[in-house]
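The structure under discussion appears below in the form of structure tokens.
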Amino acid sequence: MVAGNLPQHVGIIMDGNGRWAKRRHKPRAFGHNAGMEAMINIVKRARELEIHYITVYALSTENLKNRPREELDELFNLLRKYFGNHVKELHKNGAKVRVIGDLEPLPADVKQLLEDGEKNSPPNGEFTLTFAINYGGRDEIARAAELLRAEGIEITEDTLSKKLYTNGLPDPDLIIRTGGEVRLSNFLLWQSAYAELYFTPVLFPDFTPAEFDKAVKEFSHRTRRFGGI
Ligand code: FPP
């Protein structure tokens with residue numbers, strides 16, 4: 001069990017699906033499928049712990065530009081499958097779904113599914129699962145600044161925050177990256193200013209609820225000073 005301070009919002013960089021599949025001599029899509037299962041289990045665990053926000057990095061702007069077409073198609077198929085089944089269940093269980101990122105370049109049906117997932121969310125859900133899809137932190141900040149400029153609004157931390165995709169979400173308290181790399185890769189750059197970071201070599205399909213508990217436990221022992229003493 002996890003005792004002590006719990007994070008309210010956890011962001012997860014789900015890395016390592018490809019290597020997990022490769023070690024099993026399987027195609028990368030096999031790894032993404034397993035990653036999807038892992039993600040579903042983590043969301044369940046987060047709800048048990050009464051963590052209120054989970055944000056997953058499902059596809060970066062760089063992934064969309066640089067991954068082969070076939071792999072992107074597999075990821076879109078996974079989304080089609082997931083949004084068909086699990087998202088409705090999340091809604092029934094009082095969870096909201098949110099999507100952050102530029103949905104314009106996605107296949108029209110996927111874009112529609114994602115938008116419907118957001119639109120059909122219960123208004124007062126006590127848990128929010130946010131998918132970062134074709135998301136990039138720099139792109140998000142540049143867009144927000146451009147919106148403010150176009151509207152003639154002064155740029156301050158407060159006005160800019162409100163124009164980010166994440167408007168209305170609290171900043172993440174904890175960011176987890178699986179798969180052994182020790183970097184943020186353009187994920188929630190603005191919002192992670194005071195987040196605690198947790199890196200693990202565990203590949204995402206092996207990131208079980210027990211591994212998630214470890215990260216949350218480590219968070220609960222850290223002292224956050226937010227620039228104070
Ligand atoms: C990174 O692993 C993972 C991704 C680019 C996709 C993450 C997607 C899922 C976990 C599937 C479930 C979620 C949705 C919403 C479709 P990688 O492929 O970069 O792995 P590697 O670093 O081992 O090559």
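Side-chain atoms are counted along with the backbone in the values below, which use heavy atoms only and exclude waters and symmetry mates. Numbers here simply count residues along the sequence, with the first being 1. Quick caveat: nothing in here was measured; it's all calculated off a predicted structure.
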Residue pairs involving residues 172-195 (criterion ring-ring contact (aromatic ring centres under 6.0 Å, His included); sequence neighbours excluded)
Tyr57-Phe187, Tyr194-Phe226

Yes or no on side chain to side chain donor-acceptor pair (under 3.5 Å) for His9 and Asp173, after CA distance, side-chain angles and deciding distance?
CA-CA 6 Å; His9 182 180; Asp173 307 292; over 6 Å; no

Do Val10 and Leu169 belong to the same hydrophobic cluster, where Ile, Leu, Val, Met, Phe, Trp and Tyr are linked whenever their side-chain heavy atoms lie under 4.5 Å apart, directly or via other members?
no

Leu129 with Leu79, same ILVMFWY side-chain cluster at under 4.5 Å
yes

Please determine whether side-chain contact (heavy atoms from CB on, under 4.5 Å) holds for the pair Glu211 and Asp206, giving the CA-CA distance in whole Å, both sets of side-chain angles, and the decisive distance to 0.1 Å.
CA-CA 8 Å; Glu211 290 292 338; Asp206 293 327; over 6 Å; no

Pair Glu126 + Arg47, salt bridge at N-O below 4.0 Å:
yes

Residues Glu218 and Lys214 bridged, charged N to O under 4.0 Å:
no

Taking all atoms of both residues into account, what is the closest heavy-atom pair of Ser192 and Ile175, and its distance?
CB-CD1, 3.5 Å

With under 30° as parallel and over 60° as perpendicular, where do the rings of Phe212 and Phe207 fit, or are they tilted in between?
perpendicular

Let's go through Asn85 and Val87 carefully: what are the C-alpha distance in whole Å and the side-chain angles of both, what is the deciding distance for side-chain contact (heavy atoms from CB on, under 4.5 Å) to 0.1 Å, and is it a yes or a no?
CA-CA 6 Å; Asn85 303 321; Val87 165; over 6 Å; no

So which heavy atom on Ala215 is nearest to which on Ile176, and how close?
CB-CD1, 3.6 Å

Looking at Trp20, does the NZ or CZ of Arg23 lie under 6.0 angstrom from its six-membered ring centre and within 45 degrees of the ring axis?
no

Give the intermediate values and the outcome of side chain to side chain donor-acceptor pair (under 3.5 Å) for residues Asp158 and Ser161.
CA-CA 5 Å; Asp158 188 53; Ser161 289; 5.7 Å; no

Between Lys92 and Glu89, is the closest basic N to carboxylate O distance under 4.0 Å?
no

Treat each ILVMFWY residue as a node, draw an edge where side-chain heavy atoms are under 4.5 Å apart, and state whether Leu197 and Val202 are in one component.
no

Return the OG1 to CG distance between Thr178 and Asp15, rounded to the nearest 0.5 Å.
5.5 Å

Can you see which heavy atom on Gly179 is nearest to which on Leu203, and at what distance?
CA-CD2, 4.0 Å

What's the verdict on side chain to side chain donor-acceptor pair (under 3.5 Å) for Glu37 and Asn41, showing C-alpha distance, side-chain angles and the deciding distance?
CA-CA 6 Å; Glu37 297 298 328; Asn41 290 331; 5.6 Å; no

Considering only NZ, NE, NH1 and NH2 on the basic side and carboxylate oxygens on the acidic side, decide whether Lys163 and Glu146 come within less than 4.0 Å.
no

Counting only heavy atoms from other residues, nucleotides and ligands, does the tally under 6.0 Å from CG of Asn124 exceed 12?
no

Could you see if Leu113 belongs to whatever hydrophobic cluster contains Phe131? Use Ile, Leu, Val, Met, Phe, Trp, Tyr and a side-chain cutoff under 4.5 Å.
yes

Heavy-atom pair with the smallest gap, counting every atom of Gly11 and Pro172
N-CB, 4.4 Å

Could you pull out all residues at least two apart from Glu71 that satisfy salt bridge (Lys or Arg N to Asp or Glu O under 4.0 Å)?
Arg28, Arg67

Side chain His91, main chain Gly117, donor-acceptor under 3.5 Å:
yes

Inspect the surroundings of CD in Glu50 and state if more than 12 heavy atoms from other residues, nucleotides or ligands are less than 6.0 Å away.
no

Going by the rule salt bridge (Lys or Arg N to Asp or Glu O under 4.0 Å), which residues pair with Lys96 if we only count those two or more places apart in sequence or in a different chain?
none

Can you tell me how far the CG atom of Asp171 sits from the CG atom of Leu188, to the nearest 0.5 Å?
8.5 Å

Leu106 and Leu114 have their tightest heavy-atom pair at CD1-CD1, 3.7 Å

Charged N to carboxylate O below 4.0 Å: is that the case for Glu140 and Arg143?
no

Is the shortest distance from a Lys or Arg side-chain nitrogen in Arg177 or Glu181 to a carboxylate oxygen in the other one below 4.0 Å?
no

Side-chain heavy atoms under 4.5 angstrom apart, residues restricted to Ile, Leu, Val, Met, Phe, Trp, Tyr: same cluster for Ile54 and Met14?
yes

In Å and rounded to the nearest 0.5 Å, what is the CG to CG distance from Leu75 to Asn33?
10.0 Å

Report the C-alpha separation of Thr128 and His52 in whole Å, then their side-chain angles, then the decisive distance to 0.1 Å, and conclude whether the side chain to side chain donor-acceptor pair (under 3.5 Å) test is met.
CA-CA 6 Å; Thr128 304; His52 295 293; over 6 Å; no

Is it true that, when you exclude Arg24 itself, more than 12 heavy atoms of the residues, nucleotides or ligands shown sit nearer than 6.0 Å to its CZ?
yes

Does any N or O in the side chain of Asp102 come within less than 3.5 Å of the main-chain N or O of Glu104, such that one atom is a donor and the other an acceptor?
yes

Could you walk me through whether Ile12 and Phe204 pass side-chain contact (heavy atoms from CB on, under 4.5 Å), step by step?
CA-CA 10 Å; Ile12 309 181; Phe204 190 68; 4.0 Å; yes

If you take the centroid of each ring, where Trp contributes its six-membered ring, are Phe83 and Phe76 closer together than 6.0 Å?
no

